[in-house]
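Quick notes on the structure that follows.
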Amino acid sequence: MNVATSIPTDITPDGTDYDTVRRVIEMLTEDYREQPSLERLAGRLGQSPTQLQKVFTRWAGLSPKAFLQAVTLDRAKRLLREEDMPLLEASIEVGLSGPGRLHDLFVTHEAMSPGEWKARGGGLTIRYGYHPSPFGTALVMVTDRGLAGLAFADPGEERASFEDMARRWPNAAYIEDSAATTRYAARIFDSDRWSAEEPLRIFLIGSDFQVRVWQALLKVPFGKATTYSRIADEIGQPSASRAVGAAVGRNPISFVVPCHRALGKGGELTGYHWGLTRKRAILGWEAGRA
DNA sequence: GGTCTGGGTATCT
DNA sequence: AGATACCCAGACC
């Protein structure tokens, strides 16, 4: 079926706020040597400086300049230094079945059993839909056991995003059903609707090791950050930081499982499956709200 | 930069 | 089921 026709129309006439923001972030970070002025940025986007300032600030909770400061190395290093991770509390349960409360805010999780994981999604029905989000089009995937996937797509990349996700569970049945996914999307991106009384159910589909890494990520508080090596310590395999990086990168529920809060040991952003610009955007967006 | 790294995955047997 | 080769969003020198 044609994916493009099912994508909701953009919020603003010339594209979503995120699209504007994304381009601003790209220009600010890629041309950081020039440190382009607001006037220059606006000129390149064909907007007035005041309009651009307004859109950006509404989106991020920070002015473009403050945003840039919020995602600099200095700031990331400070975040890592000051952060006395509550992670160290207790060990993560290794058990792979049964729900457990992990997220401070709003997530309960259930994970696949190893047998189910080997089936590569066989017997699983996954409903999916595309929805606008603060970070561009979001691809939401749900099962009757909860949210299983959340991906992002730049304009025109929706199909690639879907295929990237579907490859993870090649034997699952996929049904496009945005009626089923829209309430998830609405909740995920509206922090006013996060509540401990009514947690969001997520379903982690991955290997034992991956699931333990993702559980560790769920313990990192909003607006904070951790490092790949800390996660490795946390799951009791201190020498596995590189494998942790790979597992973080395979996180199927981005944003909800906050893989964007994992940084290099020195505070570098290192990588992001859905693009470093998006990682900057999410971290900055959180900084504006933390 | 180079080099070592641990675990995941694909592709054999 | 085991062996092997290759991949990676790291870490360390």
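Figure legend. dA9(C) is base-paired to no nucleotide; pairs are counted as Watson-Crick or G-U wobble with both atom distances under 3.5 Å. Across all strands shown, dC12(B) forms a Watson-Crick or G-U wobble pair with dG2(C), both key distances being under 3.5 Å.
The separation between Arg230(A) atom CZ and dG10(C) atom P is 17 Å, rounded to whole Å. We find that NZ of Lys265(A) is positioned 9 Å from P of dC13(C), with the value rounded to whole Å. In this structure, the CZ atom of Arg167(A) is 13 Å from the C1' atom of dT9(B), given to the nearest Å. In this structure, His273(A) places its NE2 atom 17 Å from P of dC7(C), rounding to the nearest Å. Note: CZ (Arg242(A)) to P (dC6(C)) measures 15 Å, nearest angstrom. Between Arg250(A) atom CZ and dC7(C) atom P the separation is 15 Å, expressed in whole Å. Counting to the nearest Å, the P atom of dT9(B) and the CH2 atom of Trp169(A) are 12 Å from each other. Going from atom CG of Asp164(A) over to atom P of dT9(B) covers 13 Å, rounded to whole Å.
Between Tyr228(A) and Thr270(A), the side chains place a donor N or O and an acceptor N or O closer than 3.5 Å (distance only, hydrogens not considered).
In the interface, the side chain of Tyr228(A) is paired with the base of dA9(C) through a donor and an acceptor atom under 3.5 Å apart.
Taking 4.0 Å as the cut-off between side-chain N and carboxylate O, Arg78(A) and Asp74(A) do not count as a salt-bridged pair.
Nearest nucleotide to the Tyr272(A) side chain, out of dA9(C), dG8(B), dG7(B): dA9(C). In the set dA10(B), dG6(B), dG8(B), dG6(B) carries the atom at the smallest distance from any side-chain atom of Ala243(A). Relative to the side chain of Lys279(A), the nucleotides dT9(B), dA9(C), dA11(C) differ in distance, and dA9(C) lies closest. Checked against dG6(B), dA10(B), dA9(C), the side chain of Gln237(A) finds its nearest nucleotide in dG6(B). Checking dG8(B), dG7(B), dG10(C) against every side-chain atom of Ser207(A), the shortest atom distance belongs to dG8(B).
Scanning both residues, Ala111(A) and Val211(A), for their nearest heavy atoms gives CB-CG1, 3.8 Å.
Side-chain N/O atoms of Gln210(A) include one lying less than 4.0 angstrom from OP1 or OP2 on dT9(B). The side chain of Arg120(A) contributes no N or O atom lying less than 4.0 Å from OP1 or OP2 of dG8(B). Between dT5(B) and Ser239(A), no contact under 4.0 Å exists linking OP1 or OP2 to a side-chain N or O.
Using a 4.0 Å heavy-atom distance criterion, Trp274(A) is classed as making no nucleic acid contact. Using a 4.0 Å heavy-atom criterion, one finds that Thr227(A) contacts no nucleic acid atom at all. Residue-level contact check: Arg168(A) touches neither bases nor backbone, having no heavy atom under 4.0 Å from any strand.
Annotation: cation-pi pair Arg120(A)/Trp117(A) present, NZ/CZ under 6.0 Å from the ring centroid and within 45° of its normal.
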Worked check of salt bridge (charged side-chain N to carboxylate O under 4.0 Å, His left out) between Asp233(A) and Arg230(A): CA-CA 5 Å; Asp233(A) 286 343; Arg230(A) 270 191 205 163; over 6 Å; no
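Taking the centre of each ring, Trp274(A) and Phe135(A) stay at or above the 6.0 Å mark.
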